[in-house]
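In what follows, a single structure is set out as structure tokens and then discussed.
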Amino acid sequence: MLRTHTCGELRKQDADKQVTLCGWVDKYRDHAGIVFIDLRDRYGKTQIKFNLEDNSDIQQQARSLRHEDVVRVTGDVVLRPEDMVNPKLDSGDIELRVNELEVLNKSLTPPFLIDATEIPNEELRLKNRVVDLRRPELQESMMLRHQCTKIIRDYFHEKDFLDIETPILGPSTPEGARDYLVPSRIHEGCFYALPQSPQIFKQLLMCAGFDRYMQIARCFRDEDLRADRQPEFTQIDVEMTFVEQDDVLSVIDGLIAKMLKELKGIDHPMPLPRLTHAEAMERFGSDKPDMRFEMELTDLGEIASQCGFGVFSKTMESGGRVRALVAPGAAEKYTRKMIDGLTAFVGDYGARGLAFFRVKENGLDSPIAKFFTEEHQLAIIEKMQAQPGDIIFCVADKESVTSAALAALRNRLGKELELYDPKAFSCLWITEFPLLQFDEDANRWVAEHHPFCYPHLDDIELLESDPGKVRAQSYDLVVNGYEAASGSIRIHDPLIQQKIFDLLQVSAEEAEGRFGFLLEGLRYGAPPHGGVALGLDRWVMLLCGYDNIRDVIAFPKTQKASDLLSGAPSRVDEKQVKELHLQLDLEEE
RNA sequence: GGCCCUGUAGCUUAAUUGGUUAGAGUCCCGGACUGUCGAUCCGGAGGUUGCGGGUUCGAGUCCCGUCGGGGUCGCCA
């Protein structure tokens, strides 16, 4: 080793030792006669000093050191004078009195400073990711990510799970997200697809008797990006044999308890609370409600039907709904102009308007209050359990719009009104998702989760009579309003699997062609099985307290799915294209 | 595909809302300084205001287009 110690480990008790450190020049303070440098590596910082009286040659050389130079220094650990101790530094009791200096690599002037209190814009950071990754925030998020996967691997190992790898080059499957395709050189006109998840392969591992499987698996989806979505991301993929839903959930409960305890010192109530999909939609308008605060939706349909406000009564007549939420103490904080902003905001979710009432001691204050009798006003206040100073926001529309708009409004108000501790964690399971959803455009049923979910046992008969009412044995883990895991009990019976494909209008022939290898697996003694996949990136993001997944990925992609560091994706040689039997149809420049 | 925000020295930003030579901090370069730790002090360099066009006597500022970055709706089994 070129060093005897790291920059983070020297303490009082190391005084008088001769040591060698390597690291980056973090800060330098040149006083002519004495030069101080904070030397940095991933373990911490140690102040090193060059005294003119000790060695004028080395001291002279030290004066030319600049940010990010890489150096190796040897010297004596000395206690700092008592009044020169730096309490901000873990190693602040000591410093290194250098008597040998080797510049391992002189750095160009970095595009931005590592210790900057001002964070450079993200484009620049991504282009210069190597420098960016030296920033303490990213160093910490990478370390936390490692701790996280370490805990996960240990946990599943202790519970007899096997880590088995599945193919990256697989078949393209028709349902679901858009695939990233890889053309085959050997098979003309054929393509591999990168996995959207190892779903089918892990089911086959269950069929093969591996009983308990886990993998930290990279997944790829060629869809548009979001703050919490990257085209390639990492799942903690889990599958178990001879289990029911409760078994899967409690294994994950144990993992979450361990992660929150060991990484954040949090004792989350266990088992994690559960809510059916139907109840979540009714109470929060969302299948991923942020449970750090209350603010539930309330149905005002009864009053809306009777009132004199045409928008409300007509919505009810046409089979829509009028639902509302209470923004506690918002009456003073939200001006008319700000409420107009909220109206535009819910417009993004399809709501054509946002009715609001300021709650007073003896009634409601609103441009539309005149359409409501005193009796109705009091009934609304009673029903909403509103207090003077609150604002009641209502959306009247078809049910799906009231849900989407009010759920989004709830999240926004919760944040703006500071209704929760941003450092808190609140997890819950959402269960019993609908198995199918009717796609109006395609005029057919599509799988809500994926086509391998086992229907709820009580609903099997509905598959024929009323497919939209069939609940799946599926579940999502929601953390602070983010979908942090998702899974289901799978179909292990090829006949039921075929029935689902029929409903999805996937013909037997097509199913055989696309999923034949799964169906075949199910035919040779497939055991009941089920599993779940956790979004690792999102978990690390939440554990770090970030609202952006890129800060927990070493080399992330931009919203347009390019890597500003490597330049991917990029054009390739015509020769490579030809070898793959492809022809590019590009516009001439 | 839609909507919104954004782009000014290497970096973080200001520019009195269309008005003189685009200002500051930091970084960088030079000088001073033997106990700093956001070192301090003095001096210097550093700008095609992303790019292209338009309106105007005059554009960093307004308009159109375009490129990059971000947020979001659709999309994401």
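Just the heavy atoms: all of them, side chains too, but no hydrogens, waters or symmetry mates, feed the values below. Note on naming: letters A, B, ... go to the chains in the order of the sequence lines (proteins, then strands), and numbering restarts at 1 for each one.
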Which nucleotide in the list [options] gets nearest to the side chain of [X]?
{"X": "A:Glu122", "options": "B:C75, B:G30, B:G70", "answer": "B:G70"}
{"X": "A:Lys27", "options": "B:C76, B:G38, B:G74", "answer": "B:G38"}
{"X": "A:Gln47", "options": "B:C11, B:G69, B:C37", "answer": "B:C37"}
{"X": "A:Tyr28", "options": "B:G68, B:C28, B:G70", "answer": "B:C28"}
{"X": "A:Arg550", "options": "B:U34, B:G68, B:G70", "answer": "B:G70"}
{"X": "A:Glu118", "options": "B:U72, B:G35, B:U12", "answer": "B:U12"}
{"X": "A:Asn121", "options": "B:G69, B:U26, B:U12", "answer": "B:U12"}

Is there, by distance only and without an angle test, a donor paired with an acceptor across the side chain of [X] and the base of [N] below 3.5 Å?
{"X": "A:Glu95", "N": "B:G35", "answer": "yes"}
{"X": "A:Lys49", "N": "B:G35", "answer": "yes"}
{"X": "A:Arg80", "N": "B:C37", "answer": "yes"}
{"X": "A:Arg29", "N": "B:U34", "answer": "no"}
{"X": "A:Glu123", "N": "B:G70", "answer": "no"}
{"X": "A:Asp348", "N": "B:C73", "answer": "no"}

Is the phosphate of [N], meaning OP1 or OP2, less than 4.0 Å from a side-chain N or O of [X]?
{"X": "A:Arg229", "N": "B:G71", "answer": "no"}
{"X": "A:His67", "N": "B:C28", "answer": "yes"}
{"X": "A:Arg226", "N": "B:C73", "answer": "yes"}

Exercise for the section: Please lay out, stage by stage, how A:Arg11 and A:Asp14 fare under the test salt bridge (Lys or Arg N to Asp or Glu O under 4.0 Å). Expected result: CA-CA 5 Å; A:Arg11 296 290 181 271; A:Asp14 297 303; over 6 Å; no
Problem - Mate of B:C3 where both pairing distances stay under 3.5 Å, Watson-Crick or G-U - result: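 The answer is B:G71, by the H-bond criterion.
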Problem - Partner nucleotide of B:G44 by Watson-Crick or wobble geometry (both distances under 3.5 Å) - result: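 B:C28 - that is the nucleotide pairing with B:G44, both distances being under 3.5 Å.
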Problem - A:Tyr28 and A:His67 aromatic ring geometry - parallel, tilted or perpendicular at 30°/60° bounds - result: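 Geometry flag for A:Tyr28 against A:His67: tilted rings.
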Exercise for the section: Look at all strands and tell whether A:Leu124 reaches a base, only sugar-phosphate, or nothing, counting heavy atoms closer than 4.0 Å. Expected result: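 The answer is sugar-phosphate, as A:Leu124 gets under 4.0 Å only of primed atoms, P, OP1 or OP2.
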Practice task
Sticking with atom C1', work out how far B:C4 lies from B:U13, rounded to a whole angstrom.
Solution key: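 Looking at atom C1' only, B:C4 and B:U13 are 23 Å apart.
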Handout entry: Pairwise C1' distance, B:C67 and B:U21 [rounded to whole Å]
Key =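 Roughly 31 Å separates the two C1' atoms.
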